[in-house]
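Reviewing the structure listed below.
Excluded from the calculations below are hydrogen atoms, water molecules and symmetry mates; all remaining heavy atoms, backbone and side chain alike, are included. If you read the sequence from its start, that first residue is 1, and numbering goes on from there.
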Amino acid sequence: MYQRILVTTDGSKLSQKAVTTAITLAGLTGAELVAVKVVQRYPQSYFEGGMALVGEDVKQVEKSWNEAAQKVVDAVKKSAEAKGVKTKAVVVRSDVVSDAILSTIKKQGCDLVVMASHGRKGIKRLLLGSETQHVLTHATVPVLVLK
């Protein structure tokens with residue numbers, strides 16, 4: 001049925017639901033699991049919410065974020081492999097989370113995506129956008145969304 005399932009995670013309780021479901025699906029179908037966490041780059045302007053830092057400090061912050069992200073996907077890998085599911089832990093750096101997910105789907109040859117949705121509505125959705133909605137709209141493979 002499925003050969004390679006991509007699961008997105010940000011380490012939150014909600015994304016853990018997606019991880020648990022993806023591990024179960026991969027186990028049932030014999031699929032390989034690709035656990036991905038997207039790390040955004042440090043904002044470079046005040047309008048993006050960042051503080052002015054020198055280049056070396058920005059590198060340190062981004063290195064810290066990458067290390068934390070690697071721990072998140074490594075934990076997914078450990079959980080999945082404990083249940084007999086072959087897993088790849090991937091950290092992707094990108095300013096646009098949904099584009100990074102879509103790119104990873106293609107690069108890793110995934111045929112199903114499992115992800116959580118925060119279910120933002122109204123002005124929060126308008127201001128914060130919906131990464132899940134963007135992936136749903138533009139993915140060429142099935143997307144399983146958990147609320």
Side-chain angles (χ1 to χ4, degrees), residues 1-45 47-51 58-147:
M1 182 175 217
Y2 297 113
Q3 302 302 310
R4 187 167 289 152
I5 299 171
L6 183 134
V7 62
T8 63
T9 184
D10 60 8
S12 69
K13 186 176 179 180
L14 182 59
S15 72
Q16 184 56 43
K17 184 176 181 181
V19 167
T20 301
T21 300
I23 291 170
T24 301
L25 277 171
L28 291 171
T29 61
E32 180 180 349
L33 189 66
V34 177
V36 66
K37 177 159 176 33
V38 179
V39 177
Q40 293 180 303
R41 292 182 177 89
Y42 189 83
Q44 295 297 316
S45 77
F47 295 113
E48 295 175 354
M51 295 180 359
V58 169
K59 286 180 185 176
Q60 274 303 110
V61 169
E62 288 183 342
K63 180 181 177 197
S64 171
W65 289 351
N66 284 333
E67 289 170 354
Q70 191 65 53
K71 286 180 184 177
V72 169
V73 292
D74 285 346
V76 173
K77 181 177 180 175
K78 184 177 179 182
S79 294
E81 290 184 344
K83 294 187 178 185
V85 175
K86 183 178 175 187
T87 306
K88 189 176 208 179
V90 177
V91 174
V92 179
R93 291 182 59 194
S94 176
D95 290 327
V96 183
V97 174
S98 55
D99 287 347
I101 293 167
L102 292 167
S103 175
T104 304
I105 293 167
K106 289 179 185 173
K107 185 175 182 179
Q108 297 295 328
C110 298
D111 51 7
L112 175 68
V113 178
V114 179
M115 60 192 309
S117 173
H118 292 281
R120 294 185 183 105
K121 294 182 180 178
I123 194 75
K124 283 185 180 178
R125 181 172 176 183
L126 180 65
L127 293 175
L128 300 174
S130 173
E131 303 298 343
T132 304
Q133 184 64 40
H134 189 82
V135 172
L136 273 168
T137 304
H138 298 286
T140 58
V141 299
V143 179
L144 175 60
V145 179
L146 301 164
K147 291 187 170 214

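Applying side chain to side chain contact (heavy atoms under 4.5 Å, CB included) to Val39 and the options Val92, Asn66, Asp10, Val97 leaves one that passes, Asn66. No option in Val113, Ile105, Thr137 other than Val113 meets the side chain to side chain contact (heavy atoms under 4.5 Å, CB included) test with Val143. Checking Thr87, Leu33, Val7, Leu28 one by one against Ile23, the side chain to side chain contact (heavy atoms under 4.5 Å, CB included) holds for a single residue, Leu33. When each of Lys37, Glu131, Met115 is tested with Thr8 by the rule side chain to side chain contact (heavy atoms under 4.5 Å, CB included), just one qualifies, namely Met115.
Taking OG of Ser103 as the start and CD of Gln108 as the end, the distance is 9.5 Å to the nearest 0.5 Å. In this structure, Cys110 SG and Ile101 CD1 are separated by 11.5 Å, a value rounded to the nearest 0.5 Å.
In summary, the side chains of His138 and Asp99 do not present any donor paired with an acceptor at a separation below 3.5 Å, with no hydrogens or angles considered.
Within the structure, the side chain to side chain donor-acceptor pair (under 3.5 Å) test picks out the following pairs touching residues 19-32 (sequence neighbours left out): Arg4-Glu32, Gln16-Thr20.
The two residues Val73 and Val36 have their closest heavy-atom pair at CG1-C, 3.9 Å. A pairwise comparison of heavy atoms in Ser15 and Ala116 identifies CA-CB, 4.1 Å as the closest pair. The two atoms that bring Leu14 and Ser117 nearest to each other are CD2-O, 3.2 Å, heavy atoms only. In terms of heavy-atom proximity, Ala35 sits nearest to Val76 at CB-CG1, 3.5 Å. Nearest heavy-atom pair, Val114 versus Ala18, reported as atom, atom and distance to 0.1 Å: CG1-O, 3.5 Å.
At least one side-chain heavy atom of Leu102 sits under 4.5 Å from a side-chain heavy atom of Val135. You'll find the side chain of Leu112 stays beyond 4.5 Å of the side chain of Val141, heavy atoms only.
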